[in-house]
**Student:** 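Before I ask anything, let me first share the structure, which is written out below as structure tokens.
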Number of protein chains: 2
Amino acid sequence: MIPYTKIEATPLNERISTLLKDAIIEGQFKAGEEISLTAIAERYGVSRTPVREAFQHLAKDGFLTLRMNKSAIVVAIDEHFFRNHYEIRSVLEAQAAYGAAASDADKSELVRIQELGEKTKLPMTLDDFRSYNMMFHRCIWRLCGNERLHQLLSDMWVSSYSSSALPEIHRQSRTLNSHRRLVNDIINHDCDAAFEHMKRHIIGSLNNILKILDEGKKEA
Amino acid sequence: MIPYTKIEATPLNERISTLLKDAIIEGQFKAGEEISLTAIAERYGVSRTPVREAFQHLAKDGFLTLRMNKSAIVVAIDEHFFRNHYEIRSVLEAQAAYGAAASDADKSELVRIQELGEKTKLPMTLDDFRSYNMMFHRCIWRLCGNERLHQLLSDMWVSSYSSSALPEIHRQSRTLNSHRRLVNDIINHDCDAAFEHMKRHIIGSLNNILKILDEGKKEA
DNA sequence: CTTTTGTTTTTTGTATACAATATACATTAA
DNA sequence: TTAATGTATATTGTATACAAAAAACAAAAG
């Protein structure tokens, strides 16, 4: 049998979702700006149907507000947004870490990912760091044994912002330390420690983002 | 000016969502059963478009699994489902309670709702209990100040199962006690207590459901 | 009989058409 | 002028039409 790689055509609604979500996070829309189905459909050269579906996904993920018979409103990606977003993410990630620590599944991949991060010379490139960070968290989501929790955290992940805010070297090493401690908690089945450490870790990310947001404000 | 009540036509996708969600929770579909867009559309006498939207909502809420170019699969509403569902709900509700306790908003409505529950003679009718219970939790969601958290918890609420499992009088009084304690925590700004108490409260609900599921299994 | 290949049927993904609601503008009355 | 009403226009909600993929089935080759 000849090996093959599955050619998967991602459905249009997903592709539009991703594009729009990134655009919103990157601030390509003004806060509170109204966007219409038809406008977006024309912009991306597709029909309104998949765009409408994408709108509903984005609304469920908290990036748009839908109004009956009216155009959608783009949520403001500001301090308030990040506070709410990370408040939720902190407890969900914490619970995932708890579940991973409680699980008897094979945890060698988590160790492997961490080793990969440890042996990379600092400062990593932005792409490398993003990739490592994402792999680390995703591995914990898998290990937690709660597929729904995995799905929720996946939907909450905002690739563009989450780590573009981590340029400095000591921040990267702080993350590595934090992750190292989590690996220990999870391997030693210390659920409560994993929960607390992960919660603090995520709140740390929030504080970092808030700091950067604040600096951005002072410049302007 | 003559007072009026807004006539709001709920969009079809929402109505279909609710109907299907209830049907799934009530076990009207077999676990793992395949359901097709066209079948459901015909069954409810609507076109495929709103049904398709409803499917995507239900998939995001964890009640269906969608496969590209194939029919959807109904998730099994079993012990595994409830464990995962309540694991998530417990931390989210706990965080909401935390936020409500931290908030400086007016909390008189929560007190009012609790008084309403306290003064009703036990055992309440199922409808009364459901209504009180829902009002109580919803009020905390509002008070927590995190609209996104509010939305997530709303989507997770499964009206049919959550309280149909509460027929006995001492269970109702246990819930009332639990709620009374939460009201105190929240009014006294005791965030950590509110978090822990709410977490335990929700896990209590889970255990109750698991017990009932177990009894049902023995009968069969 | 089993496996493979080709054809038909069904079902989904996307585009378009139509109906209902909301917005913008113009017209009229005060 | 200002407020109110009517009409035109645009946008959304829903239904239908068409294209592509999957499933079911039949026929042919081994």
Side-chain angles (χ1 to χ4, degrees), chain A residues 1-21 23-24 29-30 32-75 155, chain B residues 1-21 23-24 29-30 32-75 155:
Chain A
M1 181 72 99
I2 297 166
Y4 67 97
T5 42
K6 189 178 178 187
I7 302 167
E8 48 178 320
T10 321
L12 282 180
N13 61 21
E14 273 185 42
R15 280 188 270 171
I16 304 285
S17 280
T18 319
L19 287 169
L20 275 178
K21 186 160 144 184
I24 292 171
F29 296 101
K30 284 193 285 272
E33 181 176 348
E34 300 189 359
I35 54 176
S36 73
L37 281 175
T38 38
I40 301 296
E42 281 171 19
R43 171 163 157 186
Y44 289 111
V46 297
S47 77
R48 282 171 41 224
T49 312
V51 175
R52 192 177 147 85
E53 288 167 6
F55 271 36
Q56 307 204 5
H57 284 281
L58 291 172
K60 249 191 159 18
D61 289 341
F63 297 98
L64 282 181
T65 310
L66 261 42
R67 304 169 301 171
M68 181 73 167
N69 285 320
K70 285 189 190 170
S71 56
I73 292 182
V74 178
V75 169
D155 289 343
Chain B
M1 177 74 97
I2 296 167
Y4 66 97
T5 42
K6 190 179 176 185
I7 301 168
E8 49 177 319
T10 322
L12 280 182
N13 61 19
E14 271 186 42
R15 279 188 272 172
I16 304 284
S17 280
T18 319
L19 286 170
L20 274 179
K21 185 159 144 185
I24 291 171
F29 297 101
K30 283 194 285 274
E33 183 176 347
E34 300 188 0
I35 54 176
S36 74
L37 282 174
T38 38
I40 301 296
E42 282 171 17
R43 171 163 157 187
Y44 290 111
V46 298
S47 79
R48 282 171 41 223
T49 312
V51 175
R52 193 178 146 84
E53 289 167 5
F55 270 36
Q56 308 205 5
H57 284 282
L58 291 173
K60 248 189 161 15
D61 288 342
F63 296 100
L64 281 181
T65 310
L66 261 43
R67 302 169 302 172
M68 181 74 168
N69 285 318
K70 285 189 189 171
S71 55
I73 292 182
V74 179
V75 169
D155 289 343

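Chain letters run A, B, ... following the sequence lines, proteins first, then strands; residues in each count from 1.
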**Student:** Between Gln56(A) and Gln56(B), is there a side-chain donor-acceptor contact under 3.5 Å, judged purely by atom types and distance?
**Tutor:**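 Distance-only check fails for Gln56(B) and Gln56(A).
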**Student:** Which residues pass the side chain to side chain contact (heavy atoms under 4.5 Å, CB included) test with Ser47(B), not counting sequence neighbours?
**Tutor:**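 Listed in chain order: Thr49(B), Pro50(B).
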**Student:** Can you name the atoms? Protein N/O to nucleotides 19-22 of chain D N/O, anything below 3.5 Å, with the distance.
**Tutor:**
residue	atom	partner	partner atom	Å
dA21(D)	O3'	Asn69(B)	ND2	3.4

**Student:** Going by the rule side chain to side chain contact (heavy atoms under 4.5 Å, CB included), which residues pair with Val74(A) if we only count those two or more places apart in sequence or in a different chain?
**Tutor:**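 Listed in chain order: Ile24(A), Phe29(A), Ile35(A), Leu64(A).
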**Student:** Just wondering, do Tyr44(A) and Leu19(A) contact through their side chains at under 4.5 Å, heavy atoms?
**Tutor:**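 Of all side-chain heavy-atom pairs linking Tyr44(A) with Leu19(A), at least one is under 4.5 Å.
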**Student:** Tell me, please, which residues at least two apart from Phe55(A) pass ring-ring contact (aromatic ring centres under 6.0 Å, His included).
**Tutor:**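 Partners of Phe55(A) under the ring-ring contact (aromatic ring centres under 6.0 Å, His included) test: none.
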**Student:** Does the side chain of Thr38(A) get closer than 4.0 angstrom to OP1 or OP2 of dA10(D) through an N or O atom?
**Tutor:**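 So the side chain of Thr38(A) is outside the cut-off, no N or O lying under 4.0 Å from OP1 or OP2 of dA10(D).
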**Student:** Looking at DNA chain D, which of residues 42-62 of chain B put a heavy atom within less than 4.0 Å of it?
**Tutor:**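 Within this stretch, Val46(B), Ser47(B), Arg48(B), Thr49(B), Pro50(B) sit under 4.0 Å of the strand.
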**Student:** Using the side chain to side chain contact (heavy atoms under 4.5 Å, CB included) criterion, which residues pair with Glu14(B)? Sequence neighbours excluded.
**Tutor:**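 Checked Glu14(B) against side chain to side chain contact (heavy atoms under 4.5 Å, CB included); matches are Thr10(B), Pro11(B).
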**Student:** Decide yes or no for Thr18(A) and Lys21(A): does some side-chain heavy atom of the first lie under 4.5 Å from some side-chain heavy atom of the second?
**Tutor:**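 Side chain of Thr18(A) against side chain of Lys21(A), heavy atoms only: no contact under 4.5 Å found.
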**Student:** State which residues pass side chain to side chain contact (heavy atoms under 4.5 Å, CB included) with Ala39(A); sequence neighbours excluded, sorted by chain then number.
**Tutor:**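 Side chain to side chain contact (heavy atoms under 4.5 Å, CB included) list for Ala39(A), sorted by chain: Ser36(A).
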**Student:** Does the side chain of Asp61(B) come within less than 4.5 Å of Lys60(A)'s, by heavy atoms?
**Tutor:**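 A side-chain contact exists here, since the closest heavy-atom pair is under 4.5 Å.
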**Student:** Considering residues at least two apart in sequence or located in another chain, which fulfil the salt bridge (Lys or Arg N to Asp or Glu O under 4.0 Å) criterion with Arg43(A)?
**Tutor:**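 Salt bridge (Lys or Arg N to Asp or Glu O under 4.0 Å) check on Arg43(A) returns nothing, list empty.
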**Student:** Take the C1' atoms of the five end pairs on each side of the helix from dC1(C)-dG30(D) to dA30(C)-dT1(D), derive the two axes, and give their angle rounded to 10 degrees.
**Tutor:**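 Rounded value for the end-axis angle: 0°.
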**Student:** Name all residues meeting the side chain to side chain donor-acceptor pair (under 3.5 Å) criterion together with Asn69(B); count only those two or more places apart in sequence or in a different chain, and write none if there are none.
**Tutor:**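 Partners of Asn69(B) under the side chain to side chain donor-acceptor pair (under 3.5 Å) test: none.
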**Student:** 5' to 3' on DNA chain C, which nucleotides open and close the contacts with chain B (atom under 4.0 Å from a heavy atom)?
**Tutor:**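 Answer, 5' to 3': dT12(C) to dT14(C).
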**Student:** Could you pull out all residues at least two apart from Glu34(B) that satisfy salt bridge (Lys or Arg N to Asp or Glu O under 4.0 Å)?
**Tutor:**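 Listed in chain order: Arg67(B).
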